2 protein chains.
Amino acid sequence: MVQLRMIEAPTRKGSDTRERLLATAEMAVLAKGFASTSIEELIAEVGITKSGFFYHFKDKTELARALMERYMIHDREVLDELFRRGDELNDDPLHGFLVGLRLFAEMMGQLPEAHPGCLAASFCYQDQLFDQQIRDLNAEALLVWRRRFRARFDQISERYPPRHKVDLDALSDMASTLVEGGLILGRALKDVTILPRQILLYRDLVRFTFQP
Amino acid sequence: MVQLRMIEAPTRKGSDTRERLLATAEMAVLAKGFASTSIEELIAEVGITKSGFFYHFKDKTELARALMERYMIHDREVLDELFRRGDELNDDPLHGFLVGLRLFAEMMGQLPEAHPGCLAASFCYQDQLFDQQIRDLNAEALLVWRRRFRARFDQISERYPPRHKVDLDALSDMASTLVEGGLILGRALKDVTILPRQILLYRDLVRFTFQP
DNA sequence: GGAGGACTGCACTCGTGGTACAGTTGCGTA
DNA sequence: TACGCAACTGTACCACGAGTGCAGTCCTCC
């Protein structure tokens, strides 16, 4: 997936047109939805012609797929950051994770104005517009979160056996659930504090669950 | 808001055309988004002409507003049900609430196939299509949840003072956050068990927070 | 029997996605 | 220095769906 960008990056005099199209499109899609994002507005913003657009994407569907792939790469970086920064401050899997969650909450609170939102959610509520391949990418983007959190909870469970029976898959999914839901509430209520506060509550739940 | 339906209900030979348009539109909007829901498909499904549609709604924006109003009425009924059924089985505010959450989880799990989704979330990710009035309705729909849950947590706190400092507004928002996020995950992963399991985890968090 | 609610029928305009394809520009390489 | 190719531009075109406007019809209740 990363290689995709390696193929087009070193060509010619840079040519970041494709990237600029994708960045512009992502903003527009999160604000109005995919269907209402017109090719005309994208090319006007980026400063190319319609033919230029269809040079980069054979049709609008391919734009959607490229958006999703780009989003997944970025998403993965955010996840890596979450786990890495906590762990480098703390060797213990539980406490490193708790530190990571706190940093994650801070990060989500420091975004400029209302967070733009999540492409996966946007696509999910318009999934009939897309083909199965894109829906699969969307599902995969969420499964990545589940697997990452689940692996961590398994690790934590070894050192800190949970005091009660816990649905660890649900606890793993709760992270993305709260992010998706928190972004929606944050946007609708124009309150950037909602998402970080949800994450801190999640942190409490994780602590209650594992800490002796 | 309820009166709106009283005005049109008793006229003529029933005439449920408007309601059928709204029901059809809601399904379509949740599947494809508002912009991609064509008036043509709605009238084809309901069996009227385009003129008939514009007799009921002066334009598409008014359809959006009517959808939102209809959704809020239904939403409120769901909320009432959640609190009422728990309380009629149990006088204690905490335990009544915990019972209500369990019933709510069961209700969400027994929906036919994948849950259709939430209009508020769909509209939120397409909010630039709508005017301020509709965005305000959308925010209000979410605030209703916050107020209802917050009032209940205040009530519970009196009898069961929380053991740690808790962000009660965040805990209240967590309900709608988990529902919104859970619907997204449930849809994207085609797994109806996700949402009920999130609600049960929420129930655990509430129990841990208040129960001595 | 007439008023009005609930439509139908028709004839438009306009914006946008999408197609097709020929032409242009400028950098890297042989 | 000529060639090739990436990265576009320009033009012309089609189909479809939102939305407008308005005259006409049918049925029911008073």
Side-chain angles (χ1 to χ4, degrees), chain A residues 3-25 28-29 31-67 123 126 128-131 134, chain B residues 3-29 31-67 123 126 128-131 134:
Chain A
Q3 292 91 318
L4 286 175
R5 311 195 61 204
M6 301 301 284
I7 291 166
E8 48 118 11
T11 55
R12 186 73 172 277
K13 45 151 193 194
S15 176
D16 59 343
T17 307
R18 187 186 148 97
E19 168 59 25
R20 274 160 56 224
L21 276 171
L22 287 171
T24 309
V29 167
K32 299 180 302 190
F34 184 74
S36 320
T37 296
S38 77
I39 293 174
E40 307 260 345
E41 78 179 89
L42 297 181
I43 62 180
E45 181 81 20
V46 170
I48 58 168
T49 63
K50 210 176 198 180
S51 313
F53 175 89
F54 285 104
Y55 170 75
H56 288 290
F57 308 100
K58 84 171 214 288
D59 55 22
K60 224 187 162 190
T61 302
E62 207 173 281
L63 171 68
R65 180 160 40 247
L67 278 174
F123 276 31
Q126 298 167 66
Q128 291 307 309
L129 298 178
F130 308 114
D131 56 32
I134 294 180
Chain B
Q3 292 90 317
L4 286 175
R5 310 194 62 202
M6 300 302 285
I7 290 167
E8 48 118 11
T11 54
R12 186 73 171 279
K13 45 155 189 190
S15 176
D16 59 344
T17 307
R18 187 187 149 99
E19 168 59 23
R20 275 160 55 225
L21 276 171
L22 287 170
T24 310
E26 183 172 316
M27 284 289 125
V29 167
K32 299 180 301 190
F34 185 74
S36 319
T37 296
S38 78
I39 293 174
E40 306 259 346
E41 77 179 89
L42 298 181
I43 62 179
E45 181 81 19
V46 169
I48 57 168
T49 63
K50 211 177 202 179
S51 313
F53 175 88
F54 285 104
Y55 169 75
H56 288 290
F57 308 101
K58 84 172 213 286
D59 55 23
K60 225 187 162 191
T61 301
E62 206 172 281
L63 171 68
R65 180 160 41 247
L67 277 175
F123 276 31
Q126 297 167 66
Q128 291 307 307
L129 298 178
F130 308 114
D131 56 31
I134 294 180

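Computed from a prediction, not measured in an experiment: that's the story for all the values here. We use all heavy atoms of the structure for the numbers below, so side chains are in, but hydrogens, waters and symmetry mates are not. Order of the sequence lines sets the chain letters (A, B, ...), proteins ahead of strands, with each chain counted from 1.
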TODO: Send over the distance from A/Phe57 CZ to C/dG17 P, rounded to a whole Å.
DONE: 14 Å
Task: B/Glu45: partners by side chain to side chain donor-acceptor pair (under 3.5 Å), with sequence neighbours left out - done: none
Task: Gap between atoms CG and P, on A/Leu129 and C/dG17 respectively (whole Å) - done: 13 Å
Open item on the list: For a quick test of reading the model: is some side-chain N or O of B/Tyr55 closer than 4.0 Å to OP1 or OP2 of C/dC7?
Closed with: no
Task: CG-CG distance between A/Leu63 and A/Leu22, expressed to the nearest 0.5 angstrom - done: 6.5 Å
Open item on the list: Within this structure, what is the CD1-OG1 distance for the pair A/Ile43 and A/Thr17, rounded to the nearest 0.5 Å?
Closed with: 12.5 Å
- [ ] Using a cut-off of strictly less than 4.0 Å, decide whether B/Thr17 has a side-chain nitrogen or oxygen near OP1 or OP2 of C/dC7.
- [x] yes
Open item on the list: Nearest whole Å is fine: how far is D/dG10 C1' from A/Ile48 CD1?
Closed with: 14 Å
Open item on the list: Can you see if the side chain of A/His56 gets near the phosphate of D/dC8 - specifically, an N or O under 4.0 Å from OP1 or OP2?
Closed with: yes
- [ ] Please work out whether the ring planes of B/Phe34 and B/Phe123 are parallel, tilted or perpendicular, with thresholds of 30° and 60°.
- [x] perpendicular
Task: Base-contact (B) and sugar-phosphate-only (S) positions in nucleotides 18-24 of chain D, heavy-atom cut-off under 4.0 Å, - elsewhere - done: BBB----
- [ ] Quantify the bending of the helix from C/dG1-D/dC30 to C/dA30-D/dT1 as the angle between its end axes, each fitted on five pairs, to 10°.
- [x] 10°
